[in-house]
Visitor: 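One structure follows; several queries about it will come next.
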Amino acid sequence: MSRSIRIADIASYPGETVTIHGWLTLKTGKGQLQFLRVRDGTGIIQAVVFKKDVPADVFEAARRLTQESSLVVTGVVRADDRSPGMPGGYELGVTDLQLVQIAGEYPITPKEHGPEFLLDNRHLWIRSSRQWAILRVRATVVRAIREWLDQNGFINMDTPILTPAAGEGTTTLFEVDYFGEPTYLAQTGQLYNEANIYSFGRVYCFGPTFRAEKSKTRRHLTEFWMVEPEAAFCDLDQLMEIEEQFVSYIVQRTLDERRSELAMLERDIRALERVTPPFYRISYDDALHRLAEVQARTEDPELKELLSVEWGSDFGSPHETELTAQFDKPVFVYGFPTQCKAFYMEPWPGRPEVSKSVDLLAPEGYGEITGGSERISDPDLLEQRIREHQLPPEAFSWYVDLRQYGSVPHSGFGLGVERTVAWITGTKHIRETVPYPRMINRVYP
RNA sequence: UCCUCGGUAGCUCAAUCGGCAGAGCGGCCGGCUGUUAACCGGUUGGUUGUAGGUUCAAGUCCUGCCCGAGGAGCCA
């Protein structure tokens with residue numbers, strides 16, 4: 001009876017006979033030699049079955065294995081530079097092999113496939129090595145998020161997913177029949193966070209959020225995960241300091257724990273190693289000047305058209321791409337026009353047309369990963385803004401109420417998990433950064 | 001919602017001017033002692049997205065619809 005081990009720990013057992021429980025990801029047979037690539041969830045290892053080393057029925061079983069067949073394989077661990085895997089450098093000289101199940105014809109072959117086919121087979125696609133690596137990075141990112149916040153005085157305070165018709169306008173909300181009354185899936189926990197800081201000081205909510213936008217781009221999901229920290233006695237400058245510490249920690253923690261996964265994904269590690277405080281800070285006005293320069297320089301008429309932007313408009317994806325191309329790590333853009341941002345943002349001192357808002361743009365064209373602001377603390381101004389935005393006052397009465405009892409300057413931001421994982425892993429489309437993506441026209445599987 | 005491109009074997013694709021619907025991979029059978037998406041030989045595999053139209057003849061041309069991809073807007 002040999003010891004059962006995990007492939008991740010293979011380097012601890014050179015020369016020993018061990019047993020691995022897993023699945024066949026790939027097989028290349030060569031007469032009396034069968035190379036089995038076996039996956040157990042923790043890693044991948046090559047198991048070599050040589051006809052003369054095993055009983056005839058074991059060799060026959062190895063020969064008959066199909067892709068994704070489940071098996072229990074026993075063999076001697078030996079170092080071998082030729083052996084692929086994760087971690088590589090070791091292989092298993094098979095002495096025994098038990099079949100658990102011969103898999104039927106597996107649809108995902110080691111060749112190229114299109115996105116529609118892969119998404120229809122997402123329940124199988126997650127077994128592929130690239131998806132495996134991305135989702136392991138995601139798990140680390142999620143844990144790093146909680147670690148940093150928990151270690152820096154933020155307390156986790158869950159906010160509701162079923163919400164009344166509040167939010168920031170109802171057009172992008174999914175409606176749910178709540179015992180005959182319409183309610184909506186949350187698109188933010190921020191307003192509740194603002195209530196919670198008066199009891200806990202610094203809080204965060206972390207969960208799925210929902211946007212019914214008919215977006216069809218590589219940066220959008222209808223269901224995505226967002227962490228939203230909120231802090232009392234915190235102005236915009238202090239918020240940016242929190243954000244850069246937070247994001248840097250997430251990236252560095254991922255480099256510590258998931259370096260080999262990032263290498264599998266062929267991510268440029270050095271670009272991530274640069275992600276340390278301080279980040280660049282530019283104002284909206286400065287950003288506008290930079291975009292005008294790019295626009296004047298470019299000879300691409302299409303780009304020229306896409307980059308035209310008036311003072312007062314929010315940036316689109318082309319603007320973010322051009323801006324972030326000028327920096328080698330994340331850049332804050334602060335001080336957006338009041339008119340293009342949400343109703344609750346504090347005005348800039350002496351410039352009411354500008355808000356104390358800040359977006360964090362990831363480099364390499366990944367765009368906005370956080371959006372935040374200092375919130376209005378004055379009850380009269382807040383009520384005025386609610387009127388200006390024609391929001392139903394009764395739905396926001398509790399929110400205004402917060403400003404009656406010890407109102408303080410406070411700030412917060414939201415960070416999109418999928419966009420962050422896409423940036424860190426170098427994944428083009430965020431649909432690969434969540435196990436089961438929800439997009440317009442896709443809720444299966 | 002708008003713009004562009006696409007839909008042919010399980011998968012990825014080809015099919016010239018409208019003239020017999022093909023290849024690679026996968027599967028199956030056989031061969032091979034170091035394969036890395038192995039290789040070699042054989043074999044299997046089709047309601048060309050859908051409904052109409054034009055034509056002696058439509059994968060190919062025309063019209064509607066459905067589905068997908070990339071982008072815009074909006075956003076994290």
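Chain identifiers are assigned alphabetically (A, B, ...) following the order of the sequence lines, protein sequences preceding nucleic acid strands; residue numbering begins at 1 within each chain. As the structure is a computational prediction, the values presented were derived from the model and not from experiment.
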Visitor: May A/F35 be described as stacking on the base of B/rG34, applying a 5.5 Å centroid limit and a 30° limit on plane angle?
Guide: no
Visitor: Taking the minimum atom-to-atom distance to the side chain of A/D314, which one of B/rG70, B/rC75, B/rA76 wins?
Guide: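 Per side-chain heavy atoms of A/D314, the pick is B/rC75.
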Visitor: In whole Å, what separates the C1' atom of B/rG45 from that of B/rA23?
Guide: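 Comparing C1' positions in B/rG45 and B/rA23 gives a spacing of 13 Å.
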Visitor: Both A/Q67 and A/H113 contact RNA chain B. Which one's nearest nucleotide lies toward the 5' end?
Guide: A/H113
Visitor: Determine yes or no for a side-chain-to-main-chain donor-acceptor pair under 3.5 angstrom, with A/K356 supplying the side chain and A/P347 the backbone.
Guide: no
Visitor: Report the distance from atom CD of A/Q339 to atom P of B/rC74, rounded to the nearest whole Å.
Guide: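 Spelled out: CD on A/Q339 to P on B/rC74 is 12 Å.
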Visitor: Quick check: any donor-acceptor pair below 3.5 Å linking the side-chain of A/S215 to the base of B/rC74?
Guide: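 Under the 3.5 Å cut-off, the side chain and the base do form a donor-acceptor pair.
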Visitor: Does A/K30 have a side-chain nitrogen or oxygen under 4.0 Å from the phosphate oxygens OP1 or OP2 of B/rG34?
Guide: yes
Visitor: For residues A/F206 and A/F154, establish whether the separation of their ring centroids is below 6.0 Å.
Guide: no
Visitor: With a 3.5 Å cut-off and just heavy-atom distances, do the side chain of A/K216 and the base of B/rA72 make a donor-acceptor pair?
Guide: no
Visitor: Does any donor atom in the side chain of A/E243 or A/T370 lie under 3.5 Å from an acceptor atom in the other side chain?
Guide: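 Side chains of A/E243 and A/T370: pair found under 3.5 Å.
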Visitor: Looking only at N and O atoms, is any donor in the side chain of A/E91 or the base of B/rG34 less than 3.5 Å from an acceptor on the other one?
Guide: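 Yes, a donor-acceptor pair under 3.5 Å.
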Visitor: Of the listed nucleotides (B/rA72, B/rG34, B/rC28), which one gets closest to any side-chain atom of A/R219?
Guide: B/rA72
Visitor: Could you give the distance separating B/rC11 and B/rC3 at their C1' atoms, to the nearest angstrom?
Guide: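 Approximately 30 Å lies between the C1' atom of B/rC3 and that of B/rC11.
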Visitor: Test for a donor-acceptor pair under 3.5 Å between the base of B/rU35 and the side chain of A/Q34, counting only N and O atoms.
Guide: no
Visitor: Among the nucleotides B/rG27, B/rA76, B/rC75, which one has an atom lying closest to any side-chain atom of A/M226?
Guide: B/rA76
Visitor: Measuring centre to centre across the rings, with the benzene-like ring taken for any Trp, is A/F315 within less than 6.0 Å of A/Y284?
Guide: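 Aromatic pair counts; centres sit under 6.0 Å.
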Visitor: Pick the P atom in B/rG6 and in B/rA15, then give their distance to the nearest Å.
Guide: 12 Å
Visitor: Is there a donor on the side chain of A/H220 or the base of B/rC75 sitting less than 3.5 Å from an acceptor on the other?
Guide: yes
Visitor: Where the side chain of A/R78 is concerned, which of B/rG73, B/rG34, B/rC11 is the nearest nucleotide?
Guide: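 Output: B/rG34.
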Visitor: State which of B/rG27, B/rC75, B/rG34 makes the closest approach to the side chain of A/R211.
Guide: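 Nearest to the side-chain atoms of A/R211, counting from C-beta on, is B/rC75.
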Visitor: If anything within 90° of 0 is syn and all else is anti, what is B/rC29?
Guide: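 Here the answer is anti: the torsion falls beyond 90° from 0.
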Visitor: Would you classify A/P84 as touching base, sugar-phosphate or nothing, given that sugar-phosphate means primed atoms plus P, OP1 and OP2, and contacts are heavy atoms under 4.0 Å?
Guide: base
Visitor: Regarding B/rC75, can its base be found pairing with the side chain of A/R419 as donor and acceptor, where the two atoms are less than 3.5 Å apart?
Guide: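 Counting by modelled atom types and ignoring angles, a donor-acceptor contact under 3.5 Å is found here.
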Visitor: Under 3.5 Å, is there a donor on one side chain and an acceptor on the other for A/Y204 and A/D150?
Guide: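 Note: A/Y204 and A/D150 side chains meet the donor-acceptor criterion.
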Visitor: What's the gap between B/rG31 and B/rG68 when it is taken at their P atoms, as a whole Å value?
Guide: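 So the two P atoms sit 46 Å from each other.
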Visitor: A/K111 side chain: which of B/rA37, B/rG34, B/rA72 is closest?
Guide: B/rA37
Visitor: State which of B/rA37, B/rC74, B/rG71 makes the closest approach to the side chain of A/R218.
Guide: B/rG71
Visitor: Write down the distance separating the C1' atoms in B/rA14 and B/rG22, rounded off to the nearest Å.
Guide: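 That atom pair is separated by 7 Å.
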Visitor: Specify the residue among A/I440 and A/T109 whose closest nucleotide of RNA chain B lies further upstream toward the 5′ end.
Guide: A/T109
Visitor: Take atom P in B/rG70 and the same atom in B/rC28, then report the distance between them in whole Å.
Guide: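 Their P atoms lie roughly 33 Å apart.
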Visitor: From CD of A/E60 over to P of B/rC29, roughly how many Å is that when rounded to an integer?
Guide: 10 Å
Visitor: Scan side-chain atoms only and decide if A/Y436 and A/E223 contain a donor-acceptor pair under the 3.5 Å cut-off.
Guide: no
Visitor: Which listed nucleotide (B/rU35, B/rG10, B/rU33) is nearest to the side chain of A/R82?
Guide: B/rU35
Visitor: Within less than 4.0 Å of OP1 or OP2 of B/rG68, is there a side-chain N or O belonging to A/N441?
Guide: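 Yes, because at least one side-chain N or O of A/N441 sits under 4.0 Å from OP1 or OP2 of B/rG68.
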Visitor: Less than 4.0 Å between a side-chain N and a carboxylate O, is that true for A/K329 and A/E244?
Guide: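 Not counted as a salt bridge, because no side-chain N and carboxylate O are separated by less than 4.0 Å.
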Visitor: Between A/K341 and A/D359, does at least one N-O distance fall below 4.0 Å, as a salt bridge requires?
Guide: yes
Visitor: Sequence neighbours excluded, which residues qualify as salt bridge (Lys or Arg N to Asp or Glu O under 4.0 Å) partners of A/R138?
Guide: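 Salt bridge (Lys or Arg N to Asp or Glu O under 4.0 Å) list for A/R138, sorted by chain: A/E418.
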Visitor: Is any side-chain N or O of A/R431 closer than 4.0 Å to OP1 or OP2 of B/rG70?
Guide: yes
Visitor: Would you say B/rA72 has OP1 or OP2 under 4.0 Å from some side-chain N or O of A/S317?
Guide: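 Result: yes.
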Visitor: Return the nearest nucleotide to the side chain of A/L26; candidates are B/rA37, B/rU35, B/rA72.
Guide: B/rA37
Visitor: Using Watson-Crick or G-U wobble pairs with both distances under 3.5 Å, give me RNA chain B in dot-bracket, 5' to 3', with [ ] for crossers and | for pairs to another strand.
Guide: (((((((..((((.....[..)))).(((((.......))))).....(((((..]....))))))))))))....
Visitor: For B/rU4 and B/rA57, measure between their P atoms and round to the nearest Å.
Guide: 33 Å
Visitor: A/Y280 vs A/F327 aromatic rings, parallel, tilted or perpendicular, using cut-offs 30° and 60°?
Guide: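 Rings of A/Y280 and A/F327: tilted, 30 to 60°.
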Visitor: Among B/rU35, B/rU1, B/rA72, which is the nearest nucleotide to the side chain of A/Q46?
Guide: B/rU35
